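What you see is a predicted model, and the numbers here were worked out from it, not measured in a lab. Counting from 1, the numbers follow the sequence of the chain as shown.
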Amino acid sequence: MRRFPNALIPLMVAAALYILYQGTKKQPVKDEKGNIVLRNNMLFLIIGVIGLPVMAYLGYLFISEGSSRDYVLLFGFSVILIPLCLYLILSYLNERVVAGSEDITYRNLWSRETKILWKDIDSVSYNKSTKKINLMANNQVISVSSNMVGYKSFQECMKGKLNNSLYERLKSIME
């Protein structure tokens, strides 16, 4: 009976990855100006919000029934999982990319914005391990994650906004 919950872990991870991938295909939200707004998948918020009470419950269990070894384990879990949960929550709430007709704006985890004009983009790259598109202009970088809802639509949007040679270079790197 002990192995059954452990067998669910790979299924839960696979389901989460499937949900993230499906989100990239969804149509992005458009703001009142008609700009494309990419946000992280709501799964980020759900996992972050569920993770915090789970950590509190584990803490309660370890403290009420645990030994000194369990405290070390709890501390280790806390150091890793609580910041991860907070990152996921802040990432969903704050992080976004707004692609307008003339410019693109990235708002980071701490709500700081970076704005560059499409016409000023002089370099593009793609990180295959993180699956992020990096757009560079005037010593500024905007990274667009493949986990964002509407990522596929953003790729199509870039086709008309980027310099043709930059777009073709990016397309060849991504393949």
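Under a 3.5 Å cut-off, the side chain of W118 and the backbone N or O of D103 do form a donor-acceptor pair. Checked by atom type and distance alone, the side chain of N127 never pairs as donor or acceptor with a backbone atom of K131 at under 3.5 Å. A donor-acceptor pair under 3.5 Å is absent between the side-chain atoms of R107 and the main chain of V97, judged by distance alone. With hydrogens and angles disregarded, a donor-acceptor distance shorter than 3.5 Å links the side chain of R169 to the backbone of V124. Of the possible donor and acceptor atoms, one in the side chain of R96 sits under 3.5 Å from a partner among the backbone N and O of L93. Using modelled atom types, one side-chain atom of D31 and one backbone atom of G34 make a donor-acceptor pair closer than 3.5 Å.
In the hydrophobic clustering of ILVMFWY residues, with side-chain heavy atoms under 4.5 Å counting as a link, L43 and Y92 come out together. V29 and L45 are not part of a single hydrophobic cluster, where members link through side-chain heavy atoms under 4.5 Å apart. With hydrophobic clusters built from ILVMFWY side chains whose heavy atoms lie under 4.5 angstrom apart, M148 shares a cluster with I116. L90 is connected to I50 through a chain of hydrophobic side-chain contacts under 4.5 Å among Ile, Leu, Val, Met, Phe, Trp and Tyr, so both are in one cluster. Under a hydrophobic clustering in which Ile, Leu, Val, Met, Phe, Trp and Tyr are joined whenever their side-chain heavy atoms come within less than 4.5 Å, directly or via other members, L135 and V141 fall into different clusters.
Taking every heavy atom of both residues into account, K161 and S101 meet most closely at NZ-CA, 3.3 Å. The two residues A137 and D120 come nearest to each other via the heavy atoms CB-O, 3.1 Å. The minimum heavy-atom distance between Y151 and S145, with the atom names listed, is CD1-O, 3.3 Å. Between K132 and S143, the closest heavy-atom pair is CD-CB, 4.1 Å. Heavy atoms only, all atoms of each residue included: N138 and D122 are closest at N-OD2, 4.3 Å. Annotation for I142 and T114: closest pair CD1-O, 3.6 Å, computed over non-hydrogen atoms.
More than 12 heavy atoms of other shown residues, nucleotides or ligands fall within 6.0 angstrom of atom CE in M174. The number of heavy-atom neighbours closer than 6.0 Å to CD of E102, taken from other residues, nucleotides and ligands shown, is 12 or below.
K128 meets the side-chain contact (heavy atoms from CB on, under 4.5 Å) test with Y126; sequence neighbours excluded.
The distance from the CG atom of N94 to the CD1 atom of I89 is 11.0 Å, given to the nearest 0.5 Å.
Of the listed residues (N147, N41, N108, N40), just one forms a side chain to side chain donor-acceptor pair (under 3.5 Å) with S91, and that residue is N40.
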